[in-house]
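Here the structure is laid out as structure tokens; the discussion comes afterwards.
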Amino acid sequence: QVQLVESGGGLVQAGGSLRLSCAVSGSIFRINNMGWYRQAPGKQRELVAAIISDGSTNYADSVKGRFTISRDNAKNTVYLEMNSLKPEDTAVYYCKLRGLVTGPLRTNDYWGQGTQVTVSS
């Protein structure tokens with residue numbers, strides 16, 4: 001059973017920084033990509049940043065230059081470094097993994113439980 005556990009959310013003032021972590025456990029044949037999504041009250045969940053198996057990354061326009069996604073393969077952990085935070089970044093942030101699992105071989109998506117980020121003005 002694959003599990004994703006996020007941590008690092010909290011309350012921060014505008015202009016501040018936070019680092020989110022997403023630790024992956026369980027048996028997975030291959031990780032295709034991982035990403036951070038967020039959902040603000042009354043809004044749809046949106047992609048914030050993603051990192052592909054080859055290490056390439058992509059970001060939502062609203063966070064380019066402020067957020068950085070990275071991974072530590074040895075620790076099976078993905079990070080989201082968030083700088084220059086704005087009140088509009090307030091949301092629940094979710095980690096997502098897309099990968100191959102066996103028995104039979106197939107692609108699955110897995111989500112974490114979410115971590116709240118609140119940015120005060």
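Here the structure is a predicted model, which means the values were calculated and not measured.
A 4.5 Å side-chain heavy-atom check between Glu6 and Tyr94 finds at least one atom pair inside the cut-off. The shortest distance between side-chain heavy atoms of Thr57 and Ile52 does not fall below 4.5 Å. The shortest distance between side-chain heavy atoms of Val24 and Met34 falls below 4.5 Å. For the pair Leu18/Glu81, no side-chain contact is recorded, criterion being any heavy-atom separation below 4.5 Å from C-beta on. Side-chain contact between Val63 and Arg38 is present, with at least one heavy-atom pair separated by less than 4.5 Å.
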Run the numbers on Leu47 and Tyr59 for side-chain contact (heavy atoms from CB on, under 4.5 Å), then give the verdict. CA-CA 8 Å; Leu47 175 67; Tyr59 298 90; over 6 Å; no
Would Asp72 and Thr77 satisfy side chain to side chain donor-acceptor pair (under 3.5 Å), going step by step from the backbone distance to the final call? CA-CA 5 Å; Asp72 185 332; Thr77 301; over 6 Å; no
Does the side-chain contact (heavy atoms from CB on, under 4.5 Å) test come out yes or no for Ile69 and Val78, once each step is laid out? CA-CA 7 Å; Ile69 188 170; Val78 172; 3.9 Å; yes
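Interatomic distance, Arg71 CZ to Ser53 OG, rounded to the nearest 0.5 Å: 6.5 Å. Rounded to the nearest 0.5 angstrom, Leu80 CG and Ser70 OG are separated by 8.5 Å. Between Leu85 atom CG and Thr90 atom OG1 the span is 8.5 Å, to the nearest 0.5 Å. From Arg66, atom CZ reaches atom CE of Met82 across 9.5 Å, with rounding to the nearest 0.5 Å. A distance of 7.5 Å separates CG in Leu20 from OH in Tyr93, rounded to the nearest 0.5 Å. Atom OG in Ser27 sits 11.0 Å away from atom CD in Gln1 (nearest 0.5 Å).
Residues Phe67 and Trp36 place their aromatic rings such that the two centres sit no closer than 6.0 Å.
Considering Asn108, Asn32, Asp109, Asn33 as possible partners of Arg98, the one that fulfils the side chain to side chain donor-acceptor pair (under 3.5 Å) test is Asp109.
Listed for the Thr115 side chain is a donor-acceptor partner under 3.5 Å among the backbone atoms of Gly9.
Note on Lys64 versus Asp61: salt bridge recorded, some NZ/NE/NH1/NH2 to OD/OE distance being below 4.0 Å.
The hydrophobic cluster containing Leu100 does not contain Val2, counting ILVMFWY residues as joined when their side-chain heavy atoms lie under 4.5 angstrom apart, directly or transitively. The cluster map of Ile, Leu, Val, Met, Phe, Trp and Tyr, joined by side-chain heavy atoms under 4.5 Å apart, puts Val12 and Val92 in different clusters. Taking hydrophobic clusters as Ile, Leu, Val, Met, Phe, Trp and Tyr residues chained together by side-chain heavy-atom distances below 4.5 Å, Tyr37 does not share a cluster with Val117.
Closest approach of Pro87 and Ser121 over heavy atoms only: CG-CB, 3.9 Å. Taking each heavy atom of Leu105 and Phe29 in turn, the nearest pair found is CD1-CD2, 4.1 Å.
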